Amino acid sequence: MQAPSVGGVMLPRGNGQSVRLSRGASLTDFAEKIGANPASLVGVMMNLGEMVTATQSVSDETLKLLADEMNFVLEIVSPEEEDRELLESFDIEFGEDEGGEEFLVARPPVVTVMGHVDHGKTRLLDTIRKTNVVAGEAGGITQHIGAYQVATQVNEEERRITFIDTPGHEAFTAMRARGAKSTDIAILVVAANDGVMPQTIEALNHAKAAGVPIVVAVNKIDVEGADPTKVRGQLTEFGLVAEEYGGDTMFVDISAKQGLNIESLLEAVVLTADASLDLRANPEQDAQGIAIESHLDRGRGAVATVLVQRGTLRVGDTMVVGDAYGRVRAMLDDKGENVEEAGPSTPVLVLGLTNVPGAGDNFLVVDEDRTARQIAEKRAARERNANFARRGVRFSLENLDEALKAGLVQELNLIIKGDASGSVEALESSLLQLDVGEEVDIRVLHRGVGAVTESDIDLATGSDAIVIGFNVRAAGRAAQMADREGVDVRYYSVIYQAIEEIEAALKGMLKPEYEEVELGTAEIREVFKSSKLGNIAGVLVRSGEVKRNTKARLVRDGKVVAESLNISGLRRFKDDVTEIREGFEGGINLGNFNDIKIDDVIATYEMREKPRA
């Protein structure tokens with residue numbers, strides 16, 4: 001096979017050689033790897049029908065197309081690998097306890113409460129920490145992830161437990177899955193009066209996938225119709241067998257509303273942790289952990305709730321959280337009190353970051369501010385390149401409209417801004433999972449934390465996007481700019497309303513679906529020849545009714561011999577009519593179609609628009 005050439009310049013042939021590239025790489029990056037001129041690769045892409053500049057971030061599919069053309073095997077480096085290689089370049093090991101066994105000390109278990117909506121997860125956490133979270137939630141549903149630590153007595157010894165509060169609706173599936181991954185134990189809440197529900201199974205699967213032990217809290221035992229035994233039986237089918245049935249899963253019957261058996265539940269968590277897990281960490285090393293939630297606070301700037309997983313985080317430490325960094329100015333515990341340090345399994349609110357990190361981002365403490373800035377900037381550049389590559393060709397208003405009319409593209413572009421990164425990420429995940437067929441594509445061009453800004457409106461103007469503000473509003477002159485440019489900005493405080501409206505918008509962009517509706521059938525009893533009209537069928541209407549100007553097909557001996565015929569004329573005796581009903585005789589003219597015979601059947605139908613499901 002000949003190597004490709006552009007303008008007489010021969011290009012290298014890979015012969016199956018592997019090339020490793022990061023997400024959002026450019027043709028220049030590819031050229032460096034294979035020792036080629038970037039301009040020649042631009043030429044190759046033009047020959048393949050792709051207009052790409054040498055420095056533009058391109059999608060994985062485009063890079064693969066180029067690699068295949070030049071007989072290279074493309075290997076896209078995963079985000080996790082990229083991050084590990086980045087940290088290794090700074091001689092940083094993430095996710096490891098430094099030192100030997102003698103440095104490890106016991107740490108509290110980290111617990112996530114999961115379960116079906118309305119089964120009492122937030123009420124349970126509310127009862128445990130004696131504060132009212134439910135009242136402040138829009139729609140009565142938990143919108144943000146928080147983390148809290150409580151103490152309980154087990155065998156006359158005080159033991160601490162850290163709770164990650166994950167929302168319970170399926171819209172937050174992505175957040176709940178991430179909560180499980182940062183978790184030691186999951187409490188599965190099942191209402192005794194409802195039993196196992198779809199989201200119960202979904203939560204159970206998340207916990208199993210994360211490999212965490214499960215404690216089952218059978219809630220609402222004080223409600224009429226409660227049947228804790230039934231819940232135990234149902235969960236047996238999913239591999240959770242209660243200890244009293246010979247299994248190894250602890251079930252505790254509780255009432256979050258009445259505060260019944262809450263201490264027994266906490267004790268079950270501690271006992272499960274002691275029996276199944278070796279929960280130890282080194283508190284002496286530099287802190288590492290995960291960001292649980294983050295948002296922009298008007299008075300404090302960017303703040304993040306972080307869970308320390310190993311080491312000790314102290315005020316004054318320089319930390320990197322995703323693509324944010326900064327020196328820790330202050331730390332607050334879950335009661336809002338200032339703390340100077342936080343050890344393993346301790347959640348704290350951190351102040352002093354340069355920008356809002358993403359929920360689920362890893363954090364680590366480094367020695368110098370310069371190192372933190374370099375790591376954060378490289379992470380940000382990497383993510384930016386990946387986003388540019390995903391975004392692909394940005395349509396202008398004019399050619400997007402033309403493409404939609406021509407049927408070349410059907411897409412709804414979105415920009416999502418919210419008050420907290422967890423909510424933004426969950427909303428994006430839910431919207432991208434909307435299923436309205438393959439004809440319509442949904443694209444999230446940008447997402448971020450904070451108010452809707454003028455730059456958001458600029459992006460929306462250039463890409464015909466809808467801006468979604470979740471618990472945020474337009475800042476400064478952004479609202480006037482949106483009005484001037486005709487940008488649609490929608491505000492929501494309940495996530496499900498946003499999902500429903502966007503789904504409706506998507507369905508509105510679909511081409512209409514039509515279905516065939518049979519109107520009637522007529523059997524040909526006689527054929528009359530007319531010099532003016534051609535052959536006319538003398539018929540008896542067997543079913544329904546035959547209407548003028550509707551579509552018809554001709555069936556002979558059970559086989560369709562002609563499609564898309566038109567009922568151009570109907571007669572009853574000497575009168576022209578618009579329809580002939582079942583049981584009546586008449587004459588039918590099929591226009592220019594004359595191949596009709598006695599005993600043929602004329603089946604009439606019309607195409608009606610079908611409502612989208």
Side-chain angles (χ1 to χ4, degrees), residues 49 61 399-412 433-443 500 502-613:
E61 292 77 17
N399 62 23
L400 175 66
D401 187 49
E402 290 165 9
L404 286 170
K405 286 178 182 174
L408 300 175
V409 62
Q410 286 274 330
E411 63 185 355
L412 182 63
Q433 288 172 19
L434 287 177
D435 182 18
V436 287
E438 296 180 358
E439 304 164 52
V440 176
D441 188 25
I442 185 167
R443 268 181 165 175
E500 286 170 5
I502 296 303
E503 184 174 19
L506 274 172
K507 287 180 176 176
M509 292 178 71
L510 288 170
K511 294 171 185 171
E513 269 187 2
Y514 292 94
E515 61 182 347
E516 183 183 299
V517 178
E518 185 177 291
L519 299 177
T521 59
E523 181 183 325
I524 299 179
R525 294 290 187 85
E526 192 64 67
V527 177
F528 303 100
K529 297 186 183 294
S530 166
S531 58
K532 184 178 178 183
L533 300 173
N535 288 348
I536 296 173
V539 301
L540 171 66
V541 178
R542 288 292 191 186
S543 65
E545 57 187 8
V546 176
K547 294 182 178 180
R548 186 190 292 173
N549 296 327
T550 55
K551 292 290 184 184
R553 58 174 60 92
L554 191 72
V555 181
R556 182 174 298 156
D557 299 327
K559 296 179 181 178
V560 177
V561 295
E563 281 275 9
S564 299
L565 304 176
N566 192 49
I567 306 291
S568 57
L570 280 182
R571 290 180 77 88
R572 282 269 297 145
F573 302 109
K574 293 185 178 181
D575 299 325
D576 284 327
V577 294
T578 57
E579 62 182 44
I580 304 175
R581 297 187 179 180
E582 181 179 340
F584 290 92
E585 295 179 333
I588 296 178
N589 177 22
L590 295 175
N592 294 326
F593 186 80
N594 291 309
D595 181 18
I596 55 176
K597 296 180 181 179
I598 294 173
D599 294 333
D600 286 353
V601 174
I602 299 173
T604 66
Y605 61 92
E606 68 180 6
M607 303 301 293
R608 292 180 187 166
E609 188 173 333
K610 186 169 79 172
R612 292 277 180 174

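This one's a predicted model, so the numbers in the text were calculated from it and none came from an experiment. Only this structure's heavy atoms are used, side chains among them; waters, hydrogens and symmetry mates stay out.
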For a 4.5 angstrom cut-off between non-hydrogen side-chain atoms, does [X] reach [Y]?
X	Y	value
Thr604	Lys551	no
Leu565	Leu554	yes
Glu579	Val546	no
Asp599	Glu523	yes

CZ of Arg548 to CG of Asn566, rounded to nearest 0.5 Å, is 11.0 Å

Please check if atom CZ in Phe593 has more than 12 non-hydrogen atoms from other residues, nucleotides or ligands closer than 6.0 Å.
yes

Got a sec: does the CZ of Arg525 have more than 12 other heavy atoms crowding it under 6.0 Å?
yes

Only counting residues at least two apart or in another chain, list the ones meeting side chain to side chain donor-acceptor pair (under 3.5 Å) with Ser568.
none

Excluding sequence neighbours, so at least two apart, what forms side chain to side chain donor-acceptor pair (under 3.5 Å) with Arg553?
Glu516, Glu563

Salt bridge flag under 4.0 Å for residues Lys597 and Asp557:
no

Considering non-hydrogen atoms only, spot the tightest contact between [X] and [Y] and give its length.
X	Y	answer
Arg556	Ile596	NH2-CA, 4.0 Å
Ile602	Ala537	CD1-CB, 4.3 Å
Asp576	Arg571	OD1-NH1, 3.2 Å
Thr550	Leu519	CG2-CD1, 3.7 Å
Ala552	Ile567	CB-CD1, 3.7 Å
Phe584	Arg572	CD2-NH2, 3.5 Å

Given Ile588 and Leu570, is the side-chain contact (heavy atoms from CB on, under 4.5 Å) satisfied, shown in steps?
CA-CA 5 Å; Ile588 296 178; Leu570 280 182; 3.6 Å; yes

Kindly determine whether Thr521 and Ser543 satisfy side chain to side chain donor-acceptor pair (under 3.5 Å), including the steps that lead there.
CA-CA 5 Å; Thr521 59; Ser543 65; 2.8 Å; yes

Are the side chain of Asn535 and the backbone N or O of Asn594 linked by a donor-acceptor pair below 3.5 Å?
yes

